[in-house]
Amino acid sequence: TLGDAIARTMRMLGYNVLHPMGWDAFGLPAENAAIQRGADPNVWTRENIENMERQVRLMGTGYDWSREIATCDPEYYRWNQWLFLRLYERGLAYKREAPVNWCPNDQTVLANEQVIDGRCWRCDHAVERRNLSQWFLKITQYAERLLGDLEKLEGWPERTRAMQRNWIGRSEGTQFSFGVENSEERISVFTTRVDTVFGVTYLAVAPEHPVVEKIVTNKHRSAVREFAESLKSRSELERTSLMEKQGVFTGAHALNPLSNERIPIWVTNYVLAEYGTGAVMGVPAHDERDFDFARKRGLPVAQVIIAPGTDVQAPLQAAYVEDGRLIASGDFTGMSSARARKAITDRLAALGLGEAQINYRFRDWLVSRQRYWGTPIPIVYCEQCGEAAVPDDQLPVLLPQNVPITGEGSPLARDPAFTNTACPQCGGPARRESDTMDTFFESSWYYLRYLDPHNARAPWNPEKARHWMAVDQYIGGAEHAVLHLLYSRFFYKFFHDQGWVFGADEPFTRLFHQGMVLYNGEKMSKSRGNVVGIDQTAETNGVDAMRLFLLYVTPPEDTSDWTDEGISGRVRFVNRVWRACEPFFDRARSTDVRAIPRVDTPEEKALVRAVHVAAKSAIDETLSRRFHYNATIAKLDEYVNALTALEQSKPDSAAVHYAVHALPLVIAPFAPHIAEELWERMGHTASVHLERCIEPSAEALAVDEITLVVQVNGKIRARVQAAPGITEDEALKLAMEQTGVQAQLDGKEVRKRIYVPDKLLNLVVG
RNA sequence: GGGAUGAUGGUGGAAUCGGUAGACACAGCAGACUUAAAAUUUGCUGCUUGAAAGAGCGUCCGGGUUCGAGUCCCGGUCAUCCCACCA
């Protein structure tokens with residue numbers, strides 16, 4: 001509804017608006033329906049699209065249906081496969097074994113972005129860690145650009161940019177290695193606080209770290225294994241948030257490369273295998289986690305940083321994590337933390353042991369799924385040639401029909417008709433990849449397909465992208481901040497690098513997050529059984545009243561609550577509009593809506609003004625990209641209230657004629673049905689939606705009289721009516737006549753006067 | 001722990017630049033119309049005080065800047081969202 005009101009207003013302002021609609025149709029809901037009711041996902045999805053499209057059309061949304069797309073259509077997903085192969089050719093899609101998120105309920109792996117607080121974004125089931133060989137997209141190669149270009153996205157909400165910044169999680173530090181005593185092994189660590197390196201009293205290593213097996217002493221081997229096993233059975237959720245810091249000694253020691261101190265190596269549960277190097281230097285004096293762990297394990301605390309201005313210290317009661325000045329740090333003693341970080345990194349680099357390093361918290365995007373209802377990944381595995389791409393001329397790799405879906409294991413893997421194929425290189429027997437793509441793959445580029453939806457030779461024509469892109473106004477929920485909106489930026493930058501799109505390398509110039517719609521304070525969902533029957537509500541209240549209500553309850557970025565009482569105000573409004581116009585139906589085209597009528601009385605003048613105030617509000621809210629149509633609709637209320645009132649007393653007034661005939665034009669973007677009906681009944685033959693909107697006129701917006709606020713010492717003491725443009729002296733004269741003002745002045749001297757023309761006069765007295 | 005955003009009547013909200021706080025609507029109350037109800041319509045509706053005119057208070061709390069603060073600054077509380085044993 002919001003997008004439609006924007007598109008309609010822009011169109012009536014004379015812009016060429018592309019307002020398309022498509023269906024993100026692959027994904028788990030269809031597959032789950034198949035499991036639960038034995039439905040064919042294909043049929044189920046088509047039925048859903050049909051029903052949703054019917055409802056969207058019912059709401060009077062003016063999409064360009066000739067550009068409609070559905071991602072489950074082979075016409076669409078063949079280009080998914082095509083794009084996947086381009087990424088593959090350029091090394092941006094790769095298969096690798098790695099610890100990944102596994103949802104045991106949905107029986108598939110998930111991207112990190114799809115794990116919310118350790119749970120599956122779809123079914124809320126706790127996610128497990130598994131080592132699996134999976135397809136990834138190298139989004140981390142674009143980390144720096146994805147992060148840096150956030151600054152350029154001034155049309156995006158700050159919170160979304162902050163979320164992406166958080167998610168990318170850049171951190172600058174130093175990576176360097178410790179030698180292991182009596183071993184050739186070295187253990188690399190990453191730290192942002194290399195200035196604390198002389199305070200290292202132990203090394204902490206993740207249990208999965210490959211070095212563990214190599215360095216653990218026989219005496220400690222069984223304890224370490226037992227510890228690692230005990231962690232394996234726990235979900236990531238338990239490991240991170242619910243468990244205390246634990247650890248076991250490996251029996252091995254490392255050597256601090258700068259101090260040559262001998263330090264114990266521990267395996268701990270609080271070091272993550274996937275971040276940084278999987279190993280951390282333990283500095284209890286200057287890191288809260290390390291302090292906590294050292295205390296539990298009786299490890300020494302060695303302070304090497306002191307707060308500026310202090311010198312000797314009692315034993316630390318808590319970690320001192322601030323920057324400061326180095327002590328007991330060899331050559332570096334006395335330096336500030338900032339200087340020391342650079343100097344120590346340089347020294348480590350000179351020794352060939354390390355270097356400055358930038359780490360990102362986010363990982364490559366895991367795109368393969370062990371599910372049926374998605375785009376097949378166009379790769380085959382040949383016994384002779386290994387992994388091979390499906391050639392472009394064999395696309396699309398069609399998703400087979402009538403595959404049994406049980407919810408156990410990958411459906412495609414069990415379908416020999418699908419998996420058995422010939423190797424595109426040697427022609428020998430080969431097996432197709434049975435995983436499908438994450439649905440976010442499709443949704444990362446669909447906006448480009450809208451430009452060229454029926455192109456059979458390419459996903460889109462670059463010249464069309466040159467003409468239309470980037471998207472001027474993107475509307476979507478905030479829940480996609482680190483999913484769809486990040487992936488799309490990545491894809492678009494890739495397309496830009498390939499020369500498939502031009503100009504800015506960002507797909508969405510302006511982004512607006514629309515709030516959710518609640519029903520009586522509850523989230524609408526099928527599982528709660530409280531989805532408002534659109535058909536039924538439309539039946540009782542009318543579509544235009546629904547549209548108006550959705551825009552009116554709350555500013556569009558906020559969560560709105562659908563209440564059955566609330567909509568009655570809009571139903572009344574629509575009825576009032578009709579009643580106000582009804583008497584004019586038979587007086588066809590009696591008024592030129594482009595000519596502002598001459599009026600005599602203040603009431604008539606006020607009505608003409610109300611028309612222009614409302615028209616201006618719609619335009620201002622649109623062009624300012626604020627979209628607070630709730631304020632615009634309030635002004636429509638005032639417009640119609642003024643019209644109804646004057647129609648009672650002076651039904652033949654030129655102002656009433658004007659206001660009646662202008663009304664369809666002003667409400668057209670918000671209540672398109674009644675607007676069209678009224679327009680026709682007033683004798684117009686062409687659609688109101690092809691008209692230009694009413695251009696706000698300064699003359700019509702001008703007022704004859706203003707209310708001047710008179711303050712004494714900043715407190716309001718009187719309000720006086722005056723003509724606009726009144727001079728300060730005249731205003732003062734008027735003000736002094738007011739008894740309330742005189743009482744406050746009480747003969748005191750006016751020290752200062754502040755005059756805001758046509759608004760306010762403030763008298764400051766001693 | 002870090003980050004972002006917010007807090008205005010019984011309710012949703014308005015006040016876009018520092019200049020009339022509460023527009024507009026919902027709910028409520030009282031009246032008109034009606035046999036009655038619905039619909040429609042008129043009036044009232046931030047709090048305290050007052051018969052009224054009016055006066056005082058009032059935008060989460062405490063400070064500050066300013067002639068003037070819902071709006072700007074500092075400190076705090078609470079709420080929502082994001083990240084988080086990220087080294």
**Student:** Going by atom types alone, do Gln164(A) and Trp156(A) pair a side-chain donor with an acceptor below 3.5 Å?
**Tutor:**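 Gln164(A) vs Trp156(A): no donor-acceptor pair found between side chains.
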
**Student:** Under a 3.5 Å threshold, yes or no: a donor from one side chain and an acceptor from the other, between Tyr270(A) and Gln246(A)?
**Tutor:**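 Per modelled atom types, Tyr270(A) and Gln246(A) side chains form no pair under 3.5 Å.
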
**Student:** In this structure, are over 12 heavy atoms from other groups packed under 6.0 Å from Lys296(A) atom NZ?
**Tutor:**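 Yes, enclosed.
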
**Student:** Rounded to the Å, how far apart are Ile168(A) CD1 and rG3(B) P?
**Tutor:**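 Ile168(A) atom CD1 is separated from rG3(B) atom P by 18 Å.
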
**Student:** Using atom OH of Tyr360(A) as one end and atom P of rC83(B) as the other, report the distance to the nearest whole Å.
**Tutor:**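 Tyr360(A) atom OH is separated from rC83(B) atom P by 19 Å.
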
**Student:** Hey, are Lys152(A) and Asp149(A) close enough for a salt bridge, meaning a charged N less than 4.0 Å from a carboxylate O?
**Tutor:**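 Salt bridge: yes.
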
**Student:** I'd like to know if the side chain of Thr140(A) pairs up with that of Asp364(A) as donor and acceptor (distance under 3.5 Å, no hydrogens or angles considered).
**Tutor:**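 A pair is found: one side chain offers a donor N or O, the other an acceptor, under 3.5 Å apart.
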
**Student:** Would you list the protein and nucleotides 47-50 of chain B atom pairs, both N or O, that sit under 3.5 Å from each other?
**Tutor:**
none

**Student:** Should rC81(B) be called syn or anti, with syn set as within 90° of 0?
**Tutor:**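 Anti conformation for rC81(B).
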
**Student:** May I ask you to list the residues of residues 152-161 of chain A, by number, that have any heavy atom positioned under 4.0 Å from an atom of RNA chain B?
**Tutor:**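 Heavy-atom cutoff 4.0 Å gives Glu158(A), Arg159(A).
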
**Student:** Say you pick atom P in rG28(B) and the same atom in rC78(B); how far apart are they, in whole Å?
**Tutor:**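 One P to the other, the span is 36 Å.
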
**Student:** Is Thr191(A) near enough to rA87(B) that one of its side-chain N or O atoms lies under 4.0 angstrom from OP1 or OP2?
**Tutor:**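 No, Thr191(A) has no side-chain N/O under 4.0 Å of OP1/OP2 on rA87(B).
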
**Student:** I'd like a list of close polar pairs between nucleotides 24-28 of chain B and the protein, N/O only, cut-off under 3.5 Å.
**Tutor:**
residue	atom	partner	partner atom	Å
rC24(B)	O2'	Tyr552(A)	OH	2.8
rC24(B)	O2'	Asp637(A)	OD2	2.5
rC24(B)	O2	Tyr552(A)	OH	2.8
rA25(B)	OP1	Asn641(A)	ND2	3.1
rA25(B)	O4'	Tyr552(A)	OH	2.7
rC26(B)	OP1	Arg572(A)	NH1	2.5

**Student:** Excluding sequence neighbours, so at least two apart, what forms side chain to side chain contact (heavy atoms under 4.5 Å, CB included) with Glu737(A)?
**Tutor:**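 If we apply the side chain to side chain contact (heavy atoms under 4.5 Å, CB included) test to Glu737(A), skipping adjacent residues, the hits are Lys733(A), Leu734(A).
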
**Student:** Does a salt bridge link Asp637(A) with Arg570(A), judged by any charged N lying under 4.0 Å from a carboxylate O?
**Tutor:**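 Between Arg570(A) and Asp637(A) there is a salt bridge, with a charged N closer than 4.0 Å to a carboxylate O.
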
**Student:** Under the side chain to side chain contact (heavy atoms under 4.5 Å, CB included) rule, collect the residues that match up with Val248(A), sequence neighbours excluded.
**Tutor:**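 Result, side chain to side chain contact (heavy atoms under 4.5 Å, CB included) vs Val248(A): Val224(A), Phe227(A), Val267(A).
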
**Student:** With the threshold set at under 4.0 Å for non-hydrogen atoms, list the residues of residues 615-627 of chain A touching RNA chain B in residue-number order.
**Tutor:**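 Contacts with RNA chain B under 4.0 Å: Glu621(A), Arg626(A).
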
**Student:** Take atom CZ of Arg717(A) and atom P of rU20(B), then tell me their distance rounded to the nearest Å.
**Tutor:**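 Going from Arg717(A) (CZ) to rU20(B) (P), I get 16 Å.
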
**Student:** Any chance the side chains of Arg170(A) and Asn359(A) put a donor and an acceptor closer than 3.5 Å?
**Tutor:**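 The criterion, which ignores hydrogens and geometry beyond distance, is not satisfied for Asn359(A) and Arg170(A).
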
**Student:** So, Glu730(A) versus Thr727(A): side-chain donor-acceptor pair below 3.5 Å or not?
**Tutor:**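 Per modelled atom types, Glu730(A) and Thr727(A) side chains form a pair under 3.5 Å.
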
**Student:** Please determine whether a side-chain nitrogen or oxygen atom of Asn575(A) lies at a distance below 4.0 Å from atom OP1 or OP2 of rU40(B).
**Tutor:**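 For Asn575(A), the contact criterion (side-chain N or O under 4.0 Å from OP1 or OP2 of rU40(B)) is not met.
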
**Student:** Please tell me which of the listed nucleotides, rC83(B), rU20(B), rC85(B), lies nearest to the side chain of Tyr270(A)?
**Tutor:**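 Of rC83(B), rU20(B), rC85(B), rC85(B) is nearest to the side chain of Tyr270(A).
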
**Student:** Separation of Leu551(A) atom CG from rG13(B) atom C1', in whole Å?
**Tutor:**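 My rounded result for the distance is 14 Å.
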
**Student:** If you measure from the P atom in rC26(B) to the same atom in rG18(B), how many Å do you get, rounded?
**Tutor:**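 rC26(B) and rG18(B) have their P atoms separated by 33 Å.
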
**Student:** Roughly how many Å apart are rU49(B) and rU40(B), using the C1' atom of each and rounding to a whole number?
**Tutor:**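 Comparing C1' positions in rU40(B) and rU49(B) gives a spacing of 38 Å.
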
**Student:** Say you pick atom C1' in rG62(B) and the same atom in rU80(B); how far apart are they, in whole Å?
**Tutor:**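 Roughly 24 Å separates the two C1' atoms.
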
**Student:** For Glu113(A) and rA84(B), give me the distance from atom CD to atom P, rounded to whole Å.
**Tutor:**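 Going from CD in Glu113(A) over to P in rA84(B) covers 10 Å.
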
**Student:** Kindly point out which of rA87(B), rA14(B), rG2(B) is positioned nearest to the side chain of Ser171(A)?
**Tutor:**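 Nearest to the side-chain atoms of Ser171(A), counting from C-beta on, is rA87(B).
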
**Student:** Checking all strands, does Arg579(A) fall into the base, sugar-phosphate, or nothing category for heavy-atom contacts under 4.0 angstrom?
**Tutor:**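 Touches sugar-phosphate only.
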
**Student:** With heavy atoms under 4.0 Å as the rule, sort Val553(A) into base, sugar-phosphate or nothing.
**Tutor:**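 Since only primed, P, OP1 and OP2 atoms lie under 4.0 Å of Val553(A), the category is sugar-phosphate.
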
**Student:** Whole angstrom is fine here: how far is it from CZ in Arg361(A) over to P in rC83(B)?
**Tutor:**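 After rounding, the gap between these two atoms is 8 Å.
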
**Student:** Suppose we screen for side chain to side chain contact (heavy atoms under 4.5 Å, CB included). Which residues come up paired with Arg165(A), at least two apart in sequence or across chains?
**Tutor:**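 Leu147(A), Leu150(A), Glu151(A), Glu158(A), Arg161(A), Ala162(A).
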
**Student:** Is the base of rG31(B) syn or anti, where syn means the angle lies within 90° of 0?
**Tutor:**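 Anti conformation for rG31(B).
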
**Student:** Expressed as a whole number of Å, how far does the C1' atom of rG9(B) sit from that of rU45(B)?
**Tutor:**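 Roughly 10 Å separates the two C1' atoms.
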
**Student:** Taking the same atom, P, in rU59(B) and in rG64(B), what whole-Å distance lies between them?
**Tutor:**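 Taking atom P in both rU59(B) and rG64(B), they lie 16 Å apart.
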
**Student:** For Thr277(A) and Gln175(A), which I'm curious about, is there any donor-acceptor pair between the side chains at under 3.5 Å?
**Tutor:**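 Thr277(A) vs Gln175(A): no donor-acceptor pair found between side chains.
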
**Student:** Say we look at rG19(B) and rA15(B): how far apart would their C1' atoms be, to the nearest angstrom?
**Tutor:**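 Each nucleotide's C1' atom is 12 Å from the other's.
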
**Student:** Establish, for the pair Arg297(A) and Trp266(A), whether the NZ or CZ atom is under 6.0 angstrom from the six-membered ring centre and no further than 45 degrees off its axis.
**Tutor:**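 Output no; distance or angle outside limits.
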
**Student:** P atom, rG46(B) versus rG10(B): distance in rounded Å?
**Tutor:**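 Pairwise P distance, rG46(B) against rG10(B), rounds to 10 Å.
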
**Student:** With distance as the sole test, does Tyr639(A) use its side chain to make a donor-acceptor pair with the main-chain N or O of Arg609(A) at under 3.5 Å?
**Tutor:**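 Answer holds: no.
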
**Student:** Please list all pairs passing the salt bridge (charged side-chain N to carboxylate O under 4.0 Å, His left out) test where one or both residues lie in residues 712-722 of chain A, with sequence neighbours left out.
**Tutor:**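 Listed once each, the pairs would be none.
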
**Student:** Could you state the NE2-C1' distance from His513(A) to rA4(B), rounded to the nearest angstrom?
**Tutor:**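 Atom NE2 in His513(A) sits about 11 Å away from atom C1' in rA4(B).
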
**Student:** Between the side chains of His286(A) and Gln303(A), is a donor N or O closer than 3.5 angstrom to an acceptor N or O?
**Tutor:**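 On atom types as modelled, these side chains do not qualify, holding no pair under 3.5 Å.
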
**Student:** Apply side-chain hydrogen bond (donor to acceptor under 3.5 Å, both in side chains) to Glu647(A) and list each qualifying residue two or more places apart in sequence or on a separate chain.
**Tutor:**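 Scan of Glu647(A) (side-chain hydrogen bond (donor to acceptor under 3.5 Å, both in side chains), adjacent residues dropped) gives none.
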
**Student:** Name all stems that contain residues of RNA chain B, defined as runs of 3 or more consecutive Watson-Crick or G-U wobble pairs, both distances under 3.5 Å.
**Tutor:**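 Result, WC/G-U stems under 3.5 Å: B:1-7 with B:77-83, B:10-12 with B:24-26, B:28-32 with B:40-44, B:46-49 with B:54-57, B:60-64 with B:72-76.
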
**Student:** For residues Thr174(A) and Thr191(A), is any side-chain donor paired with an opposing acceptor at under 3.5 Å?
**Tutor:**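 On atom types as modelled, these side chains do not qualify, holding no pair under 3.5 Å.
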
**Student:** One thing to verify: whether Arg751(A) and Glu749(A) come together as a salt bridge, which I'm taking to mean a side-chain N less than 4.0 angstrom from a carboxylate O.
**Tutor:**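 No.
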
**Student:** Without decimals, in angstroms, what is the distance between Gln648(A) CD and rU40(B) P?
**Tutor:**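 Rounded to whole Å, this separation is 14 Å.
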
**Student:** What protein N or O atoms touch nucleotides 66-74 of chain B N or O atoms at under 3.5 angstrom, if any, and at what distances?
**Tutor:**
residue	atom	partner	partner atom	Å
rC67(B)	OP1	Lys752(A)	NZ	3.4
rC67(B)	O2'	Asn762(A)	ND2	3.3
rC67(B)	O2	Asn762(A)	ND2	2.3

**Student:** Can you check whether Asp290(A)'s main-chain N or O pairs, donor with acceptor, with Asp287(A)'s side chain at less than 3.5 Å?
**Tutor:**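 Looks like yes, one N/O pair under 3.5 Å.
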
**Student:** So, using side chain to side chain contact (heavy atoms under 4.5 Å, CB included) as the criterion, who are the partners of Leu13(A) when residues are at least two apart?
**Tutor:**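 For Leu13(A) the side chain to side chain contact (heavy atoms under 4.5 Å, CB included) partners, ignoring immediate neighbours, are Thr9(A), Met10(A), Tyr15(A), Ile619(A), Leu623(A), Cys693(A).
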
